[in-house]
Amino acid sequence: MVFPDALPLVPVPAETVVGDGRMPVTTASRIIAGTPATEILRAAWGRRGAPLPAVAAAGTAPVAGDIVLRLDPGTAADLPAATPGPGEGYHLRVDEHVELTAPTEAGLFYGVQTLLQLLRPDEQDGGWSIPRVVIRDAPRFAHRGVMLDVVRHFFDVDEVRRFIDATSALKFNRLHLHLTDDQGWRVHIDSWPLLTERASASAADGDRGGFYTKDDYRAIVAYAASRHMVVIPEIDLPGHTHAIGVAYPDLVEEPVLNDALVAQAAELGQELPVKGEPYRGWGVGHSSVRIRDERTYDFVRDVVRELAEMTPGPYIHLGGDESLGTTQDDFDHFAERATRIVVEAGKRPMAWHEMGAAAGIAEGTVGQYWGMTEPSTSHAAHAAHFVERGGALVMSAADAAYLDMKYDADFPLGLSWAGFTDVRTAYEWEPTAVLDLPDDAILGIEAPLWSETTRTLSDVERLVFPRAAAEAEVAWSPREAVGRTWESFRARVGAMAPLWKAERIDFHPTTEITWSDR
Ligand code: TNX
């Protein structure tokens, strides 16, 4: 293979200079470091079956074969200029020994992920080695997200931890948790205890539900932070709220049974929603909280306050999608009040792009665009309004970034309302070219996994991998980086197979990719 395909890295680094030969890693190699990234490196290394280096104290003089991980604020100045935000870049030099330096722990963590991808078994002698190389790397976008819908199907804390491990290894740094929807309520709220007591046991298809206690939620947040991921909790309002009515019927309206919902239910053999009873179908747009009732805002204030208290990240996501039975006037009224409640709780509101229809959404609200890569006029206008209000956008174009779309018509999992999304389609979109907005209005991207059809984590993984790798590269790699092309990506992502196998990630071995085994 020719450079840059010779280096099996995803996402492709900003700048790579390949040297001659490889540095062997042996049982005599040491990791010289005083950083939490050390144990992450050793544990992953062990799962690969590579020789496990001992750990030596920071400051120990390195000899050939050693691996030095070092925090160095000075590195920031030497990293690619495009670096946004707090310095997530790193500098990696592999010569007689490895020198990994970064201005932040996040940078070291990302450098460690690159190192893990470079470490490969040698063809002849069963040894392991790392190619000699100099890499200067930093992300294109500050916001590199994945979303997990834990409502349609519930995933417990251990499963979420595995999802965090698998996605943070691709340098994603935001985990959006879709915590509430028609089918269930998944996080405990002390001031409204019936939400989890009465409305958490259900899920799509009559499957088992579940919920996170506050300690569970804190454990997820802490684990995510240890992998440099910020949790963005979503409470979906004012629609997608049937489950609230299972716990507190007074808070919600009667279901609105639109024609599409009735037709879809008939086609899939699913029941129609009945107020106060758990809903197991997948139809959308039938539920709403009572928008002109003050008690609704007491509820929103309490939920937002309790969530904000246990969420160190800057965002609370308010949903806002598919409120199909709500008048525009009521919807706008709700969006304006709810976004203000988030600001009053000290957080920055985030919402699906529909909330951009409301003239007076709180200033600074971040919109999440989930329309197509060729936007409709109204979607584009709603999205643009977040920017007019001093906010920005995260791009989740449904026909490119939605991880729950089928790869092709024969794929057994996933939906297809946005089309089929093969890996190439997931790779070949440009987040700044979808809407007619200045580049700096785009904070980054997010790849959502909706879980209507995924009963197990393995189902989730088959939809997410390898397409999340495509989204990781869209989010991280500068457009002008050498190798930022489909042909190169295709070769490099094939080389992720041994790493994913070592981590027991159940990726879809699509024939679009030539998978390698070493
Ligand atoms: C639309 S996109 C939804 C979700 C579904 C998803 C399935 C968006 C903000 N809402 O309620 O789960 O499609 O692909």
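Heads up: numbering here begins at 1 and tracks the sequence. Atoms within each ligand, like the ligands themselves, are counted from 1 in listed order.
- Pairing each heavy atom of S191 with each of R305, the nearest pair is OG-NH2, 4.3 Å.
- The N/O atoms of D181, backbone and side chain alike, include none that comes under 3.5 Å of an N/O atom in ligand 1.
- Contact annotation: the side chain of D207 never approaches that of F154 to less than 4.5 Å [non-hydrogen atoms, C-beta and beyond].
- Checked against the 6.0 Å centroid threshold, W450 and H240 do not count as a close aromatic pair.
- Atom 2 (S) of ligand 1 has its closest protein heavy atom at Y402 OH, 2.5 Å.
- Using a 4.0 Å heavy-atom cutoff, W417 is listed among the residues neighbouring ligand 1.
- Close approach to D404 involves these atoms of ligand 1, each under 4.0 Å from a residue heavy atom: 7 (C), 14 (O).
- Of the N and O atoms on the side chains of R492 and S488, at least one donor lies less than 3.5 Å from an acceptor on the other residue.
- With sequence neighbours excluded, no residue satisfies ring-ring contact (aromatic ring centres under 6.0 Å, His included) with H143.
- Using a 4.0 Å cut-off to heavy atoms of M405, the atoms of ligand 1 that qualify are 14 (O).
- Interface of L415 with ligand 1, defined as ligand atoms under 4.0 Å from a residue heavy atom, comprises 7 (C), 14 (O).
- Close contacts between ligand 1 and D321 involve ligand atoms 3 (C), 8 (C), 9 (C), 10 (N), 11 (O) [criterion: under 4.0 Å to a heavy atom].
- Considering backbone and side-chain N/O of D149, none are found under 3.5 Å from N/O of ligand 1.
- Every atom of ligand 1 is numbered from 1 in the order shown, and the set under 4.0 Å from a heavy atom of E322 is 1 (C), 3 (C), 4 (C), 10 (N), 11 (O).
- Close to ligand 1: R152, with a non-hydrogen atom less than 4.0 angstrom away.
- When each atom of ligand 1 is checked for a heavy atom of H240 under 4.0 Å away, the hits are 11 (O).
- The aromatic ring centres of H508 and F411 sit less than 6.0 Å apart.
- In this structure, CD1 on I291 lies 5.0 Å from CG on D330, to the nearest 0.5 angstrom.
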